[in-house]
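Notes for the one structure printed next.
So you know, we letter chains A, B, ... as the sequences are listed, proteins then strands, and number each from 1.
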Amino acid sequence: MSGIILILAIALSQLFLVAAMGCNLYRMVRGPRAQDRVLAFDALYVNAMLLLLTFGIRSGTTLYFELALIIALLGFVSTVALAKFLMRGEVIE
Amino acid sequence: MSRLLPYPLLTVSLVVMWLLLNSFSLGHAILGTAIALFASRAMVALQPSKPRLRRWDLIPKLIYLVFIDILRSNIAVTSIILKGGHKRQTSGFVMIPLELRDRTGLAILACIITSTPGTAWVDYNAANGRLLTHVLDLVDEQGWINVIKRYEHLLMEIFE
Amino acid sequence: MTHPSDLPAWAALLVAFFLVVGSGLTLTGAIGLLRLKSFYERMHAPTLGTTWGAGSILIASITCFSVLGSRPVLHEILITVFVLVTTPVTLMLLARAALYRDRAETNGNVPGFETVDSLGDEEGQP
Amino acid sequence: MLLSDHLIILPILLPLATGALLLLFDERRRVLKALISAVSVLMLAIVAVALLRLADADTGTPTTGVYLLGNWPAPFGIVLVLDRLSALMLTLTAMLACASLFYSLARWHKSGPHFHTLFQFLLMGLNGAFLTGDLFNLFVFFEVLLAASYGLVLHGSGTLRVRAGLHYIVINLAGASLFLIGVSLIYGVTGTLNMADLAVRIPAVPEENRMLLEAGGAILGVAFLVKAGMWPLSFWLPTAYMAAAAPVAAIFVILSKVGVYIILRLSLLLFGAGAGASSGFGEQWLLFGGMATIAFGAIGVLASQAMGRLAGFSILVSSGTLLAAIGLAEIEVTSGALFYMVSSTLTISAFFLLIELVERAQDPAADILAVTREAYGDDLDDEEEEEEVGVAIPATLAILGICFAGCGLLLAGMPPLSGFIAKFALLTAMMNPEGFGAGGVIPAMIWALVALLILSGLSAMIAMTRAGIRTFWAPIEGTVPRVLLIEIVPVAFLLLLCLAITVQGGPVMRYMEATARSLHAPENYIRDVLSAPRMPAPAREAHQ
Amino acid sequence: MELILAIGIGVLVGSGVWLLLRPRTYQVIVGLSLISYGVNLFIFSMGRLRVNASPVLPSGAPVDPTQYTDPIPQALVLTAIVIGFATTALFLVVLLASRGLTGSDHVDGREPN
Amino acid sequence: MADDTSLILMLVMPFVGSLIAAFLPSNARNAEAWLAGCISLAGLALAISCYPHVAAGGAIHSEIQWLPSLGLNISLRMDGFAWLFAMLISGIGFLVVLYARYYMSPEDPVPRFFSFFLAFMGAMLGVVISGNLILLVVFWELTSIFSFLLIGYWHHNASARDGARMALTVTVSGGLGLLAGVLILGHIVGSYDLDRVLASGDAIRSHELYLPALVLILFGALTKSAQFPFHFWLPNAMAAPTPVSAYLHSATMVKAGVFLMARLWPVLAGSYEWFWIVGFAGMMSLLLGAYFAIFQQDIKGLLAYSTISHLGLITLLLSLGSPLGAVAAIFHMMNHATFKASLFMAAGIIDHESGTRDIRRLSGLFRFMPITATLAMVASAAMAGVPLLNGFLSKEMFFAEAIQTHEVSILDTAAPYVAVVASAFAVTYSIRFIHGVFFGPAPTDLPHEPHEPPFLMRFPIQLLVLACLIVGIVPGLTIGPFLHSAVTSVLGPQTPEYSLAVWHGFTVPMIMSVIALAGGTLLYLLLKDYLARCEEGPPILRRLKGQRIFERIMVTLSWRWARTLESRLGTRKLQPQLRLLVVIAFCAAAWPLYSQGFHPGELVWRGIDLVFAGIWLIGILCAIGAAYQAKFHRLAALILLGGAGLVTCMTFVWLSAPDLAVTQLLVEIVTTVLILLGLRWLPKRFHMDFTEPTTVGARLRRFRDLAMAISAGMGMTLIAYAVMTRTPPETIADFFLERSYLEGGGRNVVNVILVDFRAFDTFGEITVLGIVALTVFALLRRFRPAPDSIELPEQQRIQRAFDEERPDRQHGDTLNDYLFVPSVIMQWLFPVIIVLAAYLFIRGHDLPGGGFAAGVAMAAAFILQYMAAGTTWVEDRLRVLPVNWIGLGLLIAACVGAGAWIFGYPFLTSHSRYIDIPLVGEVPAATAALFDLGVFSLVVGATVLMLIALAHQSIRRLRASKIAAAADEEIA
Ligand code: NA
Ligand code: NA
């Protein structure tokens, strides 16, 4: 019983996260401004990372943990670059 | 000592990070220490301002405060969003003069403010210490200022 | 290789709870991104996901693997720390960039250039 | 394992190590870098010739040299395979490399950073592509040589090069995607990447998967044909080669031959007589495409005003001829084609080197432009280079004229040089499909091909005469170009190689025939590769 | 699973091809990137799809090859990713140089008339 | 002396002489002439020494192996016919050398002349003594080439250049035709050996390929001998120095065509086709040549047309297919050579001594050069066919043949009349030449004062004219035996009975001769005044200039049409090329699928995963969005591209490829930064015409592209689906899975493949990365940004202006404030990322990660610092030497690979073991990890190099603009 609940919960949370990613996608596509897209892009990364974690739980393996770690630590690099590009028109000065 | 261990706290954190990533074994402790020492040496090249921690004992209090605040804000923002965010007209910018000057302290403050749903660090003038924040639910402007000021004072106590 | 269905009931329920809460918060944040009106408002939304959203899921993960592996698995703490440290950087940079862009285009009601920079304290509120 | 057993891998390692080593020296130590590079290329030539002799050794034992990289057995690990064909290609590459590297030492190596490294990596890629016996490793070496060629085609920068380079790069990137699709599709159907193993597995591919296999083969073929320059996938080629610096263009001549080489090898190995239902796959298209390429190349040769373009189109003619010859899939035709390949490669390479020298005389202003463009003043990091003054060697114009005439004869396939032998070998093989004197009906397609070959020679003759007269005869005031000895010697070297294979036509042709025979009967190749013995492993501490 | 991935590959390649045929260099670089995603997935799919069968062996257990997905396409994709990254970088710089030297971001280095 | 070596010697000597001559100093006129003369004489002597063999009716053979497998050896063969020609070539060659010694000016670069001359002589000898038809073609083409060089000797004259080119084009084309024809003969006979071909006449004539072979060979022969309709090149070749004309264009090279026709006469002649083609060409040449010759004003032009006509006579004789005709033809070949060579030399003397060759300007030269005039008169008489001279004899034989019936046809019927008319014309132009030049009033205003030439210059003419006389008077005693051996060697058993006599009685040919002589004289008298003032060229056909038509055709065909065709069949634009590539690749893949009835496989819904589907929905939308936005919203496209990349990465996670996911993600991040760095230098497009596509054409093009894109995508979908749903073949993967841990020492099979099983791939792959980084670096060293992006970005300008305007702000405050807090965090992350990189590196062999991922993560750490604090700041503190990292990485990898050699193993053989360290326990150690270290080093170096090189552009611009500003100030 608890197993079923868990599996359902995993499925539900994955669906939630995919739906969240869908919302992010909407902002990425529609904008309206570049900053909206960047913001949504950053959120997409985080949501993907969470989805990964749920996937890890679902499959019972920690193989994907590093990927989540990398997203957490380095995922923001591209967002920083995007933000800086918006602000300064140049990523590295 | 300081030449060998320029950033002791950093080095220790890195060793802990290594052990968290791998496993708590003697081999990894040795390897992790070596790597952490190397990484700290690399940090010397960048010469960041060295934070001086004065009040270790206040850190748990800070963490607790943040934990609670974030939890509360989560609930608040969730309700705002779910209640139909686009009908409200309460968000706005708040300008707060800060006295905290320590860069590390300010960085932590920025992280706290921004991580807390509902408030965001927008702009900061290092010359006069004025901070512009954006607040999602701006019904009580002074209340927000107080919240932030409280963090500020705590951080000033820790770092200055 | 282990499987989550091997979890004891309490752990399974705990994991399930945190998972649903975490993803629910994240979804809420994403909906906020969708529904909130201005960029500065939308900016707050994803932090739901990066704080308690992520936190809950990470707790679920820690619980799950600690119980399965019958020893504490604490990798996830690192993820939490990293997310908490890096997300604000992005948001700060982005918010300031947006502010600049809106100012430069005199777009909407954003605080003027004077807000943080002025010598006097009085003016500058939107 | 004796040290000489490692000879096979040296053509790859030597340039690699040289290229990497050169990176450790500062860009300003030009003489040292040039010296290292030159020594390495000379050593490469020695190794290549040694391998050629090895491959041709008539010892009765199998002549296919197999090198198991990482000591993993054949269908699993990557193998290097040395047979007559790869040895031939290695030697040809080494010869071109010697010529163009020494030529570049006159001035070109200074016109941009890391020339020698890129050059060495190009050689590494070429040699790797010729040696590897693994389809995906082939892709990797293709990429190595292409990446280096991107660098070299842009070497010296400038609008013309960048514009041409952009097209070159985009098309080759698209080609690389096709390569990957083809290779992976073949893997998906056969489950292996080793070429010899593929040859074994292809006949056994189940009927319902055969079309997928063939689709993979076709896509792969398109990728190679882009490199080989088959019409209509070849329009980028003349422009890119013309834009490239002279020594770069000279070594690039072998680049188009890589595509031809692979098509030759794979079509006979994978889709040859032993390929079951897929036997002969694509031959028709090669023939048609080759013929179209010859026609287009010949037209382009006629239409070219600039000699660089003329040379570029000559490559197309050469590629077309080779592709059509491969499409015929006859042993005699193949051996003629191999001879033709050697001859035309040497010729066009020499021609590219020569063009720059010849055109130097034509328009001094343009020449200055060409040189100063390299050292264009907005480069702040680059200190001023001391200009070596070229000493006009006596009788420069006469020597250039002789070289030009040689190139003309070779390009047009006029007697008595190797260009003629090559064309004659092809023609006589085509017209006697069942063997000399056996009669037989010559199909219309062969007639058309014969006509194309002859007419393409005519067009080259007309175009070369036109260009030669314009360059050497027409100018009233003959300005003698300032040519360094180190520039003309490589040209002469390549042309003398052509002369050598003309005079030694018999032995050379015998080698080509032996090569063609083993290509058309790849059983030995397959057996040798798949049964190559591993070195006995040391007692590994199996850790359970 | 297979159908979804196949459609995904198709869309990636299709979008990439569309961009590849466009006149602006930036469109081409985006197109090439999309194509390389598609192609990488294609290579990957040639090893057939397996969920939760990563080719990472547990320590100390005897290996049953049927329990793992085919690692070879993965190795090939890794190589392809690296090479794709390299060529994207190169093409980027070339397109910048072309824009700088020719004054046009048209793939032919000049605006069509 | 062995005769077979004498053949080789005869062939080789001129070429060796040619080489020697080329290296003689340019003023060594005498040395050159001595050399050439000696070689000609030696050739003559060798030929004479061969006579005893040849006279007996045999042939001398000599062979050197060249390309035995192709049936092409240097096979030489001298029979009577070849002997006669060899004599002619070396004999007249010697005389021409002698003549040329005096003819060529001291200013001329004589080495070149004699070098080409000797080479030509060698080639011509080669043509006649080749015993292999392909070898004959080789020498044949060589004669064309050296003739080209000799005609163009005075290349500063446009006429010489044009004449040379035309001669080359026509004769080389003919040569190629000949080659094709000979190839067909080879196909029929099974050999190119002349003896075997000559023995296979019946087989050849009855073969279905006889006609094409005939046509092609005749094309070669007729072009070479300047026969109608290919005759036009010969008059233009007269731009050559006169010795060349005398040698090549009368005595030797133009004879090659008729030589070949005679040589192959037993094989090819006798058929209806032969008769018609050869006969028609010969008759037209005979008549038209003679007719045109009358109206030439240039002496050499007159002689050139006369040559065409006489060669036409020979051709006509050969066409008849009768052995007697062949005899006459061979005889006339010799006769024509003697008188025409002497006439050319005489013309040269006239030109040389008087400065002009225009008959209208020349007059009454007899009084200045009586001996030359006399000689020229005798030679002209021979040309006109006056009795007691050699020309008369062969012409009589020709008349005799012309009245015979060979093939009933209009050609045959016309032959006697044409013969008479042409002979009359010959008389006319001969008289015109003599009368116009040597008689009449003394010439006025000639460039030089004419006088007799030096004796040795005239000597060759004397000798040749003497030959004309002797042969003309006592043919049987002089030429008789030689002619007989030649005729026998050509005709073999067909050799007819013939007699060489001056007087055969009052026969029909005699009457025809008389008519011709009388008619010709009469015609000259009628035309005399007209000719003295008319323009060059015959009255009716003056406009019809062969060479002009030829030039026009050449220009049209080889230039205009070629250019048009090239631009039609090709393109220099990129888009059409890519379209073609897509279409061809699509069709290439579709063809086998279509032709074998493709079925993608059953539609299986097993394991449909909603989440996976959802992810892919996002991916698809990202891809389409990126495609849609890339034109105008670059940033949006970049972000959407990142989305698609993320989805790809998720797919790898879902489908059991953690390594791929890690790598893909890291690459994704770096790529985004890289493209952003680039976007700074890609200025916005200003003219955004949102209304496009405007025209129907543009819209159609877009539809076409869309259709192609959709087709390509659908094709990929179908193929991918088909493969994925099929049973996998037995792959080599099991080997790796089984041995990864036991023999590779790693549990992450993918990584073990990368660094061990297929490490060589990785080696190549990192090399690619290194190369690209170097290329990027090299290209950026010379980078010139677009003019509209040289300035600072708009944002920075506004912010800087703001900072400078405000009294309380300083330069750069906005940026400092902007990064004030983020930079702290980014700096503190530096060591953290280093630790992460170390982690990824160390665990790679057993778990997802590895050198590449570690390298990229490390590079990201660097980028972050650059972004946080700027290039200058970072580089003041960190010494980054990426190029060295690249080199080092490659060397490490190479050394690790080569380290196996020491232990006697192949390159890249890895070794792994577990080392027991006290306190720590067992530690895995594999050489593959060292290899991975090389990968790591290279990846860090390459990635950083590319990013930094791009980033450096900003400060370079800054420096450049500062320098420019300083310069401006100085000027001001
Ligand atoms: Na916040
Ligand atoms: Na006169």
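Interface residue D:I169: only side-chain heavy atoms are found under 4.5 Å from chain E. For E:S45, no part sits under 4.5 Å from any heavy atom of chain D, backbone or side chain. Residue contact with chain D, scored on non-hydrogen atoms closer than 4.5 Å, involves the backbone and the side chain of E:S98 alike. Proximity to chain E involves both the backbone and the side chain of D:L166, based on heavy atoms less than 4.5 angstrom apart. When heavy atoms are compared at a cutoff of 4.5 Å, E:L95 approaches chain D by way of both its backbone and its side chain.
Smallest separation of non-hydrogen atoms from E:V94 and D:V162: O-CG1, 3.9 Å. Here the closest non-hydrogen pair linking D:S177 and E:I35 is OG-CG2, 3.6 Å. Scanning both residues, E:L20 and D:A174, for their nearest heavy atoms gives CD2-CB, 4.3 Å.
To the nearest 0.5 Å, the span separating CG on E:L101 from CG on D:L160 amounts to 10.5 Å. A distance of 5.5 Å separates CG in E:L32 from CG in D:L173, rounded to the nearest 0.5 Å. The line from CE of E:M46 to CG of D:L212 is 8.5 Å long, rounded to the nearest 0.5 Å. For the atom pair CG (E:L76) and CZ (D:F136), the distance works out to 4.5 Å, reported to the nearest 0.5 Å.
Listed in order of number, the residues of residues 189-201 of chain D that approach chain E to under 4.5 Å between heavy atoms are D:L193.
Just one of E:D108, E:T102, E:V107 meets the side chain to side chain contact (heavy atoms under 4.5 Å, CB included) condition when paired with D:R163; it is E:T102.
When atom types are taken as modelled, the side chain of E:R48 and the backbone of D:G188 share a donor-acceptor pair closer than 3.5 angstrom.
Residues E:T87 and D:E143 form a side-chain contact, since some pair of their non-hydrogen atoms from C-beta on lies under 4.5 Å apart. Using a 4.5 Å cut-off on side-chain heavy atoms (C-beta onward), D:F139 and E:I83 make contact. Between D:Y187 and E:D70 the shortest side-chain heavy-atom distance falls below 4.5 Å.
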